[in-house]
There are 2 protein chains.
Amino acid sequence: MSDNKILLIFTSKGTEMFSKACEYGIKAAIVVAQESLNGQRTSLKDITREINSPEAFTAKILQLLVRSRIIYSVKGPHGGFEIPKNQIDEVKLSEIVDAIDGDAIYKGCGLGLSECSASQPCPVHDKFVKVRDELKLMLENTSLYELAVGLEVGLTFLNR
Amino acid sequence: MSDNKILLIFTSKGTEMFSKACEYGIKAAIVVAQESLNGQRTSLKDITREINSPEAFTAKILQLLVRSRIIYSVKGPHGGFEIPKNQIDEVKLSEIVDAIDGDAIYKGCGLGLSECSASQPCPVHDKFVKVRDELKLMLENTSLYELAVGLEVGLTFLNR
DNA sequence: TAAATAAAGGACAAAAATATCCGAAATCAT
DNA sequence: ATGATTTCGGATATTTTTGTCCTTTATTTA
Ligand code: FES
Ligand code: FES
């Protein structure tokens, strides 16, 4: 053991690509999309059971998506969250990420400079832009529909 | 204004790819590399002036890099941080990120599942792995040397 | 209309990341 | 040896993120 006191200050389990809030938001949206494709609304409880997330916290994130008109909510018995069927294919991952984490991850400078600029690039700019742009493209081209279908068919998992 | 009380809870200026600690670490390492190529040591003060970062916090991060033997330190007058010239080309960005943020960003599941698995993939797995692997490759193939040279030549900036 | 249900919203709590302060230890120059 | 300099290390403070609790509001059903 010995010197793990100071190290603890920096013992992060590992910084991830998206915030927890965003991870929950994406997962929740996929569940809502999947149920919506089946013509069903999904309640907060159902969602948190499916994605194994803290209820009240997830509620806040869902509200964020509702405010961004990415999903829609209905109160009262048999209420819950839904997405109009014809809209599910139009909702891109980028909109969800943007609503929760902002666009810095796929638009901002990799070293945190005020803005990414090709004329005044940071040292990693050239190399970073390539992967960042591919991330951007991926997020903008991936629809909730395809993610929901994979889940419905049993090919993918939300909970492990 | 009206409803910005609740919204404030979620007003992040935008989640970035790397943590602040990691951004400082990368920038600091580049400065140290650049000076080392000139046969000079760099003091903490010089570093924080170059990259415009909080001094004491940056010191902690530098210590982390020292412990990982990515950079070396010398105490006392004319002390500071340095990297042996012949090592500068061998230090890859991935080692720095790994030492500070861990490897989750270029190895972990995009939706935060316990581990990324192709046999039990999360809904974004297929699409995410592509960009994550490119990020991994980029980090593993980018050396401190090339980043430092770009800075030396005046092509890149650390401070804007 | 009343009761039950589910989301919305506010206040608060805990944990993690970011940041500051100060003294100790090492090193160098005189 | 002494004093100046600079990193190292511990304690603490601030801010942001994550998470909980409980009340209010809207909606449905009986
Ligand atoms: S300036 Fe840093 S990524 Fe473009
Ligand atoms: S399982 Fe989620 S990215 Fe591989």
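Each chain gets a letter, A, B and so on, in the order its sequence line appears, and its residues count up from 1. Everything numeric in this text was worked out from a predicted model, so none of it was measured.
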_Which residues pass the salt bridge (charged side-chain N to carboxylate O under 4.0 Å, His left out) test with B:Arg69, not counting sequence neighbours?_
none
*What is the distance from NZ of B:Lys45 to C1' of C:dT20, rounded to the nearest Å?*
15 Å
*asked:* Can you measure B:Ile61 atom CD1 to D:dT7 atom C1' for me and round it to whole angstrom units?
replied: 15 Å
*May I ask you to test the A:Cys116-A:Lys107 pair for a side-chain heavy-atom distance under 4.5 Å?*
no
_Need to verify one output field. Residue with the more 5' nearest nucleotide on DNA chain C, A:Thr42 or B:Cys22?_
A:Thr42
_Short side-chain to backbone donor-acceptor contact, B:Asp101 and B:Val97, under 3.5 Å_ = no
*In whole Å, what is the span from the CD atom of A:Glu55 to the C1' atom of C:dA8?*
14 Å
*Check whether any side-chain N or O of B:Tyr24 sits under 4.0 Å from OP1 or OP2 of C:dT18, and answer yes or no.*
no
*Using atom CD of A:Gln63 as one end and atom P of C:dA6 as the other, report the distance to the nearest whole Å.*
16 Å
*Rounded off to whole Å, could you give me the CD-to-P distance for the A:Glu23 and D:dT18 pair?*
9 Å
*In whole angstrom, what separates A:Phe81's CZ from C:dA6's C1'?*
9 Å
*How about B:Leu135 and B:Met138: do any of their side-chain heavy atoms sit closer than 4.5 Å?*
yes
*N/O donor-acceptor pair under 3.5 Å between B:Arg160 side chain and A:Glu115 backbone*: yes
*asked:* Here's a test of your reading of the structure: between A:Phe18 and B:Leu62, which maps to the more 5' nucleotide of DNA chain D?
replied: B:Leu62
*Earlier contact from the 5' end, DNA chain D, for B:Ala56 and B:Ser43*: B:Ser43
*Round to the nearest Å and state the distance from B:Glu82 atom CD to D:dT6 atom C1'.*
13 Å
_Whole angstroms only, please: what is the CZ-P distance between B:Phe57 and C:dA16?_
16 Å
_Less than 4.0 angstrom between a side-chain N/O of B:Ser73 and OP1 or OP2 of D:dC8, yes or no?_
yes
_Nucleotide of D:dT7, D:dG10, C:dT18 approaching B:Leu44 most closely (side-chain heavy atoms)_ = D:dT7
*Exam field: side chain B:Arg132 to backbone B:Ile105, donor-acceptor pair closer than 3.5 Å*: no
Detail all sub-3.5 Å separations between protein N/O atoms and N/O atoms belonging to nucleotides 26-30 of chain D.
{"from": "D:dA26", "atom 1": "O4'", "to": "A:Lys75", "atom 2": "NZ", "distance (Å)": "3.3"}

*asked:* Considering only residues two or more places apart or on different chains, which pairs with a residue in residues 22-44 of chain B satisfy ring pair (Phe, Tyr, Trp, His ring centres under 6.0 Å)?
replied: B:Tyr24-B:Phe57
